[in-house]
Every structure is written in structure tokens, then in C-alpha cells.
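Scope of the values below: all heavy atoms of this structure, side chains included, with no hydrogens, waters or symmetry mates.
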Amino acid sequence: MIEDLLKNARLSSGGRKLLTSQQKAFIVEDWESSGLSCPEYCRRYGLITSQVYSWRSLAKSGAIMSIKNQGDLHSKAELEMLRKENEELKKALGESTLDIKILKKKLEMDQLRNKKLNRYPDNSE
């Protein structure tokens with residue numbers, strides 16, 4: 001399977017293999033499940049050891065391999081955009097919650113004031 005993947009990989013103008021993030025993830029998963037050391041695995045398939053280690057490291061941090069979410073892959077840029085939007089929404093929610101608390105407190109104070117005013121009605125009528 002790996003042989004086919006590497007054989008059919010696109011090549012850059014310099015002759016380097018261009019692999020997608022899914023292909024890199026597949027290679028890392030295959031290597032980890034093979035039981036071979038990274039140098040042995042790389043010699044067998046003609047890969048560069050440091051590159052495979054790098055793919056594994058980046059996969060763990062979610063950078064190159066992206067984050068899997070119910071089968072969908074999200075790029076790092078998309079993930080960063082979603083995080084930023086999430087932070088903005090949290091901030092808006094916090095502000096709205098504070099506004100509600102302030103309005104409730106004002107309503108409470110107004111009701112108390114009206115109660116006091118109605119308790120001692122003006123006898124000038």
C-alpha cells in the first residue's frame with residue numbers, strides 16, 4: 001500500500017514527492033503500527049527519517065495533519081479562524097451577561113424605589 005502511495009505521489013519540478021496531509025498521516029500511522037524503528041521503515045520505503053519524525057511531531061500538535069472532526073479535516077488556518085471567532089463570541093456573551101445583570105439590578109432598585117414611594121402616598125390630593 002505504501003509503495004503504491006509513494007509511486008503515485010505527485011512530483012515537484014525539483015523531483016521531490018509532494019504528499020498530501022492525509023498521505024503523510026497514513027505513512028505516520030503505518031510506521032507506528034509496523035513495529036519497525038523509523039530508520040528501518042524509512043530505508044524500506046525510501047523516505048527520509050527526519051521528515052517522518054517531523055510529520056509525527058506536527059501531527060501530534062495538529063499543524064500539518066489538521067484536526068479530524070467527524071471525518072472532516074480542517075486546516076490550521078481554518079482552526080485558527082474558528083478559535084478567534086470562538087473568543088469573540090465568548091467576549092460578546094460575557095458582555096451580554098453583564099448587561100443583563102446590570103439591568104436586573106436597576107429594575108430591582110426601581111421596584112424598591114416605587115414601593116417606597118407608594119408606601120407613603122402624598123396627602124396633597
Exercise. Is atom CD1 of I102 surrounded by more than 12 heavy atoms (other residues, nucleotides or ligands) closer than 6.0 Å?
Worked result: yes
Exercise. About how many Å separate CG of L117 and CG of D110, when rounded to the nearest 0.5 Å?
Worked result: 10.5 Å
For this session: Is it possible for you to say whether L18 and L47 belong to one hydrophobic cluster, with membership spreading through side-chain heavy-atom contacts below 4.5 Å?
Result: no
Exercise. Looking only at heavy atoms, which two atoms of K17 and L6 are closest? And how far apart?
Worked result: CE-O, 3.7 Å
Exercise. Between the main-chain N or O of D4 and the side-chain N or O of N8, is there a donor-acceptor pair closer than 3.5 Å?
Worked result: yes
Problem set entry | Heavy-atom check, side chain of L103 versus side chain of L107, under 4.5 Å | no
Problem set entry | I27 versus Y41, closest heavy-atom pair with distance | O-OH, 3.7 Å
Problem set entry | Non-hydrogen atoms of C42 and T49 that approach each other most closely | SG-CA, 3.5 Å
Problem set entry | Side-chain heavy atoms of Y53 within contact of W31, under 4.5 Å | yes
Problem set entry | Close side-chain approach of I48 and V52, heavy atoms under 4.5 Å | no
Exercise. Short question: side chain of S33, backbone of E29 - any donor-acceptor pair under 3.5 Å?
Worked result: yes
For this session: Taking the side chain as every heavy atom from C-beta outward, state whether R16 and L11 have any atom pair closer than 4.5 Å.
Result: no
Exercise. Can you tell if the side chain of R44 reaches within under 4.5 Å of the side chain of E40, non-hydrogen atoms only?
Worked result: no
For this session: Indicate yes or no: at least one non-hydrogen side-chain atom of Q51 is less than 4.5 angstrom from one of K24.
Result: no
Exercise. Short question: side chain of E95, backbone of A92 - any donor-acceptor pair under 3.5 Å?
Worked result: no
